[in-house]
Amino acid sequence: MNDERMDTATEAFVAHRNLLFTVAYEMLGSAADAEDVLQETWLKWADVDLDTIQNQRAYLVRITTRQALTRLRTLGRRKESYVGPWLPEPLLTTPDVAEDVELADSVSMAMLLVLETLNPTERAVFVLRDVFAMEYDEIAAAVDKSPAAVRQIAHRARAHVAERRPRDVVSPADTRAALQAFQKAVQTGDLQSLLDTLAPDVVLLTDGGGVVQAALEPIMGAATVAGILTNITGVGTLHLAQVNGHPALMMRVNGEIDAVIAVRIDEGRITGLYAVRNPEKLARIDQETPVSR
């Protein structure tokens, strides 16, 4: 490719990079793997005859989706041997992400865990259609299915997600208020106040990846979860942060980030607590990651 064509290709890739990263991240739940997919996408894009491309955005998303699907199947095998619960890699996101309610919802820890219950093709179709509003024929080209098949897959995936996603949209202010009450209760060791923030059927998932201490099974029930959380009183400090488009907590021990705790809230109470402690998944949490659609 000559210099002028390379400049044009680079310009198009850079213009859509944040979108492509977001597509890959929502499909994989891993920023590290999403970055690898973008590298693969660039290598393939650099070989494309741009004169034959009518819609550069759609074509770039197609390449990214295909690379992500291949990696998603590999990730599936990797997760089968993962030690303890697997949680998505948390991202420190910019404040503007929260202003786009649909984008913030799509990258939330709770939604990414729902997407984990879809098969790879369903996940790709749902993300491309319901998050990025791509046309069915564009999605069909990305997943090697007919537009009619993609419509059916989208319908099935949408119904599956609707059954499992949080029942109501919680405003950032309400999430922040619930987290602040939770934060105060944990830091003071106030068991009753902590119980007041938790739903009776709350589930705590902790991801240590076999590298650091974490529960190997989900912990269920307000009393059990609260009992475990009061054990960390005085161990570290908790701070509010904007993670995956929503307020979350970062726990620091001796000044170092030890855990990121995201929450799922239903009807004003915390129903899901997702604590990521695996150091590999916290490697980039101290720098903001731009996501877009």
Side-chain angles (χ1 to χ4, degrees), residues 11-31 33-42 44-45 48 53-73 75 88-89 91 93-94 96-162 164-166 169 244-246 289-293:
E11 186 178 323
F13 184 82
V14 170
H16 297 297
R17 190 188 189 286
N18 291 347
L19 160 73
L20 301 177
F21 173 85
T22 309
V23 169
Y25 175 71
E26 290 196 17
M27 286 183 60
L28 300 168
S30 164
D33 285 290
E35 291 288 1
D36 288 344
V37 163
L38 258 61
Q39 290 290 328
E40 294 160 3
T41 297
W42 164 249
K44 290 188 175 295
W45 176 245
V48 170
I53 307 302
Q54 293 183 333
N55 185 330
Q56 293 183 343
R57 175 183 183 270
Y59 198 90
L60 277 163
V61 169
R62 182 196 304 184
I63 299 173
T64 300
T65 301
R66 287 182 173 176
Q67 297 304 312
L69 277 170
T70 299
R71 189 165 289 256
L72 188 57
R73 295 181 177 108
L75 267 181
E89 181 180 344
L91 299 179
T93 46
T94 53
D96 61 299
V97 175
E99 297 170 9
D100 185 337
V101 176
E102 290 184 1
L103 177 61
D105 176 61
S106 72
V107 296
S108 71
M109 193 72 74
M111 176 56 81
L112 290 174
L113 285 171
V114 171
L115 294 181
E116 282 292 310
T117 64
L118 298 172
N119 69 41
T121 302
E122 287 173 341
R123 186 166 183 168
V125 169
F126 180 86
V127 167
L128 295 181
R129 179 62 184 172
D130 284 50
V131 180
F132 297 97
M134 291 187 65
E135 298 297 332
Y136 286 111
D137 57 344
E138 293 174 339
I139 301 171
V143 299
D144 290 325
K145 302 283 184 183
S146 70
V150 166
R151 285 178 183 274
Q152 290 182 330
I153 294 168
H155 177 76
R156 185 168 66 244
R158 198 173 296 123
H160 182 96
V161 169
R164 292 161 177 81
R165 75 194 310 169
V169 176
N244 288 66
H246 295 270
T289 299
V291 295
S292 68
R293 65 190 181 112

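Basis for what follows: all heavy atoms, side chains included, without hydrogens, waters or symmetry-related copies. Residues: numbered from 1 along the sequence shown. Given the structure is predicted, the values throughout are model-derived calculations rather than measurements.
- The structure places OG of Ser292 at 9.0 Å from CG of Asp96, a figure rounded to the nearest 0.5 Å.
- Shortest non-hydrogen contact noted between Ala24 and Leu38 is CB-CD1, 4.4 Å.
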Chi angles and distances behind the side-chain contact (heavy atoms from CB on, under 4.5 Å) call for Thr64, Lys44
CA-CA 10 Å; Thr64 300; Lys44 290 188 175 295; over 6 Å; no

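- Residues Arg62 and Glu138 fail the side-chain proximity criterion, which asks for heavy atoms closer than 4.5 Å.
- The shortest side-chain heavy-atom distance between Phe126 and His160 does not fall under the 4.5 Å cut-off.
- Here Met109 contributes atom CE and Glu89 contributes atom CD; the two are 9.5 Å apart, rounded to the nearest 0.5 Å.
- Between Pro120 and the choices Leu75, Leu72, Val143, the side-chain contact (heavy atoms from CB on, under 4.5 Å) rule is met once, by Leu72.
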Decide side-chain contact (heavy atoms from CB on, under 4.5 Å) for Leu69 and Arg123; before the verdict, give the C-alpha distance in whole Å, the side-chain angles of both, and the deciding distance to 0.1 Å.
CA-CA 9 Å; Leu69 277 170; Arg123 186 166 183 168; over 6 Å; no

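- Heavy atoms only, all atoms of each residue included: Ala157 and Glu122 are closest at CB-O, 3.9 Å.
- Contact check for Tyr25 versus Thr289: no side-chain heavy atoms found under the 4.5 Å cut-off.
- Using a 4.5 Å heavy-atom threshold, the side chains of Met111 and Val161 count as touching.
- In this structure, OG1 on Thr22 lies 10.5 Å from CZ on Arg293, to the nearest 0.5 angstrom.
- Taking 4.5 Å as the limit, some side-chain heavy atom of Leu113 sits within range of a side-chain heavy atom of Pro88.
- Minimum heavy-atom separation, Ala104 to His246: O-NE2, 3.1 Å.
- Surrounding CD of Glu11 are at most 12 heavy atoms belonging to other residues, nucleotides or ligands under 6.0 Å away.
- At a threshold of 4.5 Å between non-hydrogen side-chain atoms, the residues Asn18 and Val291 do not count as touching.
- The shortest side-chain heavy-atom distance between Val107 and Glu26 falls under the 4.5 Å cut-off.
- Annotation for Glu35: atom CD counts as buried by contact number, over 12 foreign heavy atoms lying within 6.0 Å.
- For the atom pair Glu135 CD and Leu128 CG, the distance stands at 12.0 Å (nearest 0.5 Å).
- When only modelled atom types and interatomic distance are considered, Asn119 and Thr121 share no side-chain donor-acceptor pair under 3.5 Å.
- In this structure, CZ on Arg57 lies 9.0 Å from CG on Leu20, to the nearest 0.5 angstrom.
- Summarising the geometry, atom CG belonging to Leu103 is positioned 7.0 Å from atom CZ belonging to Phe132; distances are rounded to the nearest 0.5 Å.
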Trace of the side-chain contact (heavy atoms from CB on, under 4.5 Å) decision for Asp105 with Arg165:
CA-CA 10 Å; Asp105 176 61; Arg165 75 194 310 169; 2.5 Å; yes

Before you tell me yes or no, could you show the steps for Phe21 and Leu91 under side-chain contact (heavy atoms from CB on, under 4.5 Å), namely the whole-Å CA-CA distance, both residues' side-chain angles and the distance that decides it to 0.1 Å?
CA-CA 12 Å; Phe21 173 85; Leu91 299 179; 4.0 Å; yes

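- Looking at every heavy atom in both residues, Leu28 comes nearest to Ala34 through CD1-N, 4.0 Å.
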